[in-house]
Amino acid sequence: MADLEEMLHERLAPAFAEVAGEAADPTIRRSQHTGFAGGDQRGDFQSDGALALASRLGRNPRDIATDVVDQATLDDLCATVEVSGPGFINLTIDDVVLTRLCTEIGRDERLGVAPADNPETVVVDYSAPNVAKEMHVGHLRSTVIGDAAVRLLEWLGHRVHRANHLGDWGTPFGMMIEHLLDVGETEAAYELSIGDLDAFYKAARAKFNGDDIFAERSRRRVVALQSGDESTRRLWRQLVDESEKYFMTVYDRLDVRLSDKDFVGESFYNDRLQPVVAELDRLGLLRDSEGAQCVFPDGFTHRDGEPMPIIVRKSDGGFGYSATDLAAIRHRTQELGATRLLYVVGTPQRQHLEMVFQAARQAGWLTPPARAEHIGFGSILGRDGKMLRSRAGVPVKLVDLLDEAVARAAAVVAEKNPELDETVRTRVAHAVGIGAVKYADLSTDRTRDYLLDYDRMLSFDGNTAPYLQYAHARICSIFRRAGVEPPRDVQTLTVTEPAERALALELLGFSGVVAEVARSLEFHRLATYLHGLASTFTTFYVRCPVLQAEVEVRRSRLVLCDLTARTLAIGLGLLGIQAPDQM
RNA sequence: GCGCCCGUAGCUCAGCGGAUAGAGCAACGGACUUCUAAUCCGAAGGCCGCAGGUUCGAAUCCUGCCGGGCGCACCA
């Protein structure tokens, strides 16, 4: 246990309870130093619990704070403990403790982040492109955020199912199969494999709209597909396979962990729709409304207070997408045994998902400890502040966006470090370009829209991937230059300079942030932490020469460098971003 | 009409019950015989959309208003 906030909490909570006569939250947090004239006078951490207690106990908060400080055992952790202002307790960590804890996490592969004590089975539903349709920027966020969730939860020891809920079913497949037959299977396979998905889809759509005979063929084809006609199934499978192959090339380029085994498309649930609807009926949850079979989940009302439906079976007898969503929930909780279902889906779908979740709860398919969470995200906007679209007004192809980022990264790397040889440079450009795109996506509150700006995301200044990657590369450069291995068996560290101390303190915050993000899946908190760490490091880097320092100090600084590099690499890794050794 | 989300420095964003609201960019002033100056340091910049309310204390919670975005049954 190297989480200082938690350690302080454990020490102060009993003291607060003693003084208050009941349990009271010490409310520990890192102190804010900036903007405070007179410098570093608020300690490293502060406890604000006394203020909240004042009115409840009818006592002066300063007196309460003083009593708490008297009660608490803090000597072995803190160098100074001061009551300040209206009743804050300012806590300054003892340097000896700081160095001891850093040494401790330095010996740990996981930097002091313990695996979950109660690993659970988690399903992450993300990415979900549509067969024979191009991936566009809308899929970017789901894929990137979902991938980060998978990486983080797996790293913490949870069993994670990656559910790529591919759009591989529905009426459009009639026309796509007919179009496939028209152009010939070989030609179609070629078009799809080179990633010209939109052209294929559009051609099919155009014929469907303009050619009655084709439209009729398409409708018959849908029926054949649904009734399981063998040759139709084969053609359908071919469309799906080609698309999956194409999506895999995008995922590889994006450096995302999805594999071809993770495609669990809508069609997967076909056999389960009937039983789901039957069970809803048996449970008395199903009602007919205008010819459609609906569930009216509790708590959702329409315009004038009428209940709002989710349609599980359409009036034409076909199943609605809500039926698929419900079947997926039931499958995930009952067959996969999942207790945490994550839906990485845009915020506009919030209400739909909440209704489905509620219906599932009422059906008994989503009961504690199992729960579902909508990991919503906003839209990507262009520089004009509007939804990102290409000049033609269509959504921007995801691969085009990635190409642009990598090309720009390559140009920057070539300019800044011409000495890098060709292969390394290509690799670095990829890591930087893709990293920049992902980081831009993960570094702000995901529920909000964000502005896509290549110049900003690829800048080496500010809260960007390249800045973090650069900090990492510089550290690697130190070790490379000196020809030394990172010292991992060190017994003791020393911190003398303020910059060293600040870095040590920052390094110890990693486990707390990871724990918080595992709960909230607010990856921008991890990003903010990593940026703060990199920034603290660069200050240290400028102020504290490593290799020229005298033996003892040098070894100590090498440890701090190594710890920083590992924290950055692991932290970026959890976000799905590479940390190259040089750039 | 109903519902959800968002208005914080010129720009992009953190902070979401606690001290004099923070970063980065841009603009301004400094720092390269020293481990990648792809950086660092400094100064400047804010009635936290507006108005009420709750609280010892509000950018943060509640209500109303203004402005912007997005949803509201057989497409997912």
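Numbered from 1 within each chain, the chains take letters A, B, ... in sequence-line order.
A 4.5 Å side-chain heavy-atom check between A:Y439 and A:L575 finds at least one atom pair inside the cut-off. In this structure the side chain of A:C561 reaches within 4.5 angstrom of the side chain of A:F540, judged on heavy atoms. At a threshold of 4.5 Å between non-hydrogen side-chain atoms, the residues A:V83 and A:F88 do not count as touching. Using a 4.5 Å cut-off on side-chain heavy atoms (C-beta onward), A:L442 and A:H524 make no contact. Annotation: side chain of A:T171 is not in contact with side chain of A:F173 (no heavy-atom distance under 4.5 Å).
With a 6.0 Å cutoff to the six-membered ring centre and a 45° limit on the axis angle, A:R313 counts as a cation-pi contact of A:F319.
Heavy atoms of A:C544 sit under 4.0 angstrom from at least one base atom. Within the 4.0 angstrom heavy-atom criterion, no nucleotide atom of any strand lies near A:A482. Among the heavy atoms of the strands lying under 4.0 Å from A:P309 is at least one base atom, whether or not backbone atoms are also near. At a threshold of 4.0 angstrom between heavy atoms, the contacts of A:Q46 include nucleobase atoms, whether or not backbone atoms are also involved. Backbone-only engagement by A:L451 is indicated by non-hydrogen atom pairs under 4.0 Å involving sugar-phosphate atoms exclusively. Residue A:A292 is classed as a base contact, given a heavy-atom separation below 4.0 Å to a base.
Distances were taken from every side-chain heavy atom of A:S477 (C-beta onward) to each of B:G18, B:U36, B:U12; the shortest belongs to B:U36. For A:Y321, the listed nucleotide lying nearest its side chain is B:A76; candidates were B:A76, B:U34, B:A19. Which of B:A19, B:C13, B:C35 sits closest to the side chain of A:F88 comes down to B:A19. Closest to the side chain of A:P348, out of B:U36, B:C70, B:A73, is B:C70. Considering only the side chain of A:A52, B:G18 comes nearest among B:G18, B:A19, B:U34. Picking from B:A73, B:A14, B:C35 the nucleotide with the shortest atom distance to the side chain of A:T528 gives B:A14.
Rounded to whole Å, the P atom of B:C5 lies 13 Å from the corresponding atom of B:G64. With C1' as the reference atom, B:A59 and B:A14 are 12 Å apart, rounded to whole Å. Remark: the separation of the C1' atoms in B:A23 and B:A9 is 11 Å, to the nearest Å. Nucleotides B:G42 and B:C47 are separated by 28 Å at their C1' atoms, to the nearest Å. Across B:G15 and B:U60, the matching P atoms stand 15 Å from one another, rounded to whole Å. If you take atom C1' in B:G67 and the same atom in B:G49, they sit 8 Å apart, rounded to whole Å. Here the separation of B:C16 from B:G57, taken at their C1' atoms, is 15 Å to the nearest Å. Comparing B:G29 with B:A43, their C1' atoms are spaced 7 Å from each other, to the whole Å.
Place A:R446 and A:W169 on RNA chain B by their nearest nucleotides, and A:R446 ends up nearer the 5' end. A residue-by-residue look at A:P86 and A:D316 shows that A:P86 has its nearest nucleotide of RNA chain B further toward the 5' end.
Atom NE2 of A:H531 is separated from atom C1' of B:C25 by 11 Å (rounded to the nearest Å). For the pair A:D48 CG and B:A58 C1', the interatomic distance rounds to 15 Å; values are reported in whole Å. Separating the CD1 atom of A:I311 from the P atom of B:A76 is a distance of 10 Å, rounded to the nearest angstrom. Atom CE in A:M457 sits roughly 16 Å away from atom C1' in B:C11 (whole-Å rounding). Here the P atom of nucleotide B:G57 and the CZ atom of A:R56 are 17 Å apart, to the nearest Å. Going from atom CE of A:M308 over to atom P of B:A73 covers 7 Å, rounded to whole Å. When rounded to the nearest whole Å, the span between CD of A:Q349 and C1' of B:C75 equals 11 Å. At whole-Å resolution of the value, CZ in A:R456 and P in B:A14 are 12 Å apart.
Looking at residues two or more places apart in sequence or on another chain, you find a salt bridge (charged side-chain N to carboxylate O under 4.0 Å, His left out) between A:E373 and A:R340. A:Y321 meets the ring pair (Phe, Tyr, Trp, His ring centres under 6.0 Å) test with A:H352; sequence neighbours excluded.
Formation of a donor-acceptor pair under 3.5 Å by the A:S459 side chain with backbone atoms of A:D455 is not found in this model. A donor-acceptor pair under 3.5 Å is formed between the side chain of A:S520 and the backbone N or O of A:E516. Side chain of A:Q469 to main chain of A:A431: a donor-acceptor pair is present (N/O by atom type, distance under 3.5 Å, no hydrogens or angles).
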What protein N or O atoms touch nucleotides 3-7 of chain B N or O atoms at under 3.5 angstrom, if any, and at what distances?
residue, atom, partner, partner atom, Å
B:C6, O3', A:R448, NH1, 3.2
B:G7, OP1, A:R448, NH1, 3.0

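Under 4.0 angstrom from either OP1 or OP2 of B:U36 there lies at least one side-chain N or O belonging to A:R481. Taking 4.0 angstrom as the limit, A:H524 places a side-chain polar atom (N or O) nearer than this to OP1 or OP2 of B:G15. A sub-4.0 Å separation between OP1 or OP2 of B:G15 and a side-chain N or O of A:R29 is absent.
Look at B:C32: its glycosidic torsion is within 90° of 0, and that puts it in the syn range.
A donor N or O paired with an acceptor N or O is not found under 3.5 Å between the base of B:A76 and the side-chain atoms of A:T324. One can find a donor-acceptor pair under 3.5 Å joining the base of B:A19 and the side-chain atoms of A:N90. For A:S289 and B:A73, a side-chain-to-base donor-acceptor distance below 3.5 Å is present, hydrogens and geometry of angles not being considered.
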ring-ring contact (aromatic ring centres under 6.0 Å, His included), that's the test. Do A:H165 and A:F263 meet it? Break it down for me. CA-CA 6 Å; A:H165 200 80; A:F263 288 110; over 10 Å; no
Checking A:L286 against A:V295 for the side-chain contact (heavy atoms from CB on, under 4.5 Å) test, could you report, in this order, the C-alpha distance in whole Å, the side-chain angles of both residues, the deciding distance, and whether it holds? CA-CA 5 Å; A:L286 215 55; A:V295 178; 3.9 Å; yes
Walk me through it: do A:D441 and A:Y450 pass the test side chain to side chain donor-acceptor pair (under 3.5 Å)? CA-CA 8 Å; A:D441 200 302; A:Y450 81 89; 3.1 Å; yes
Which dot-bracket string fits RNA chain B when only Watson-Crick or G-U wobble pairs with both atom distances under 3.5 Å count, crossing pairs get [ ], and | stands for a partner on a different strand? (((((((..((((....[...))))..((((.......))))......(((((..]....))))))))))))....
Between protein and nucleotides 37-43 of chain B, map the contacts as a letter string: B base, S sugar-phosphate only, - none, heavy atoms under 4.0 Å, written 5' to 3'. SBSSS--
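For residues 472-486 of chain A, the side chain to side chain donor-acceptor pair (under 3.5 Å) pairs, not counting sequence neighbours, are A:Y470-A:R474.
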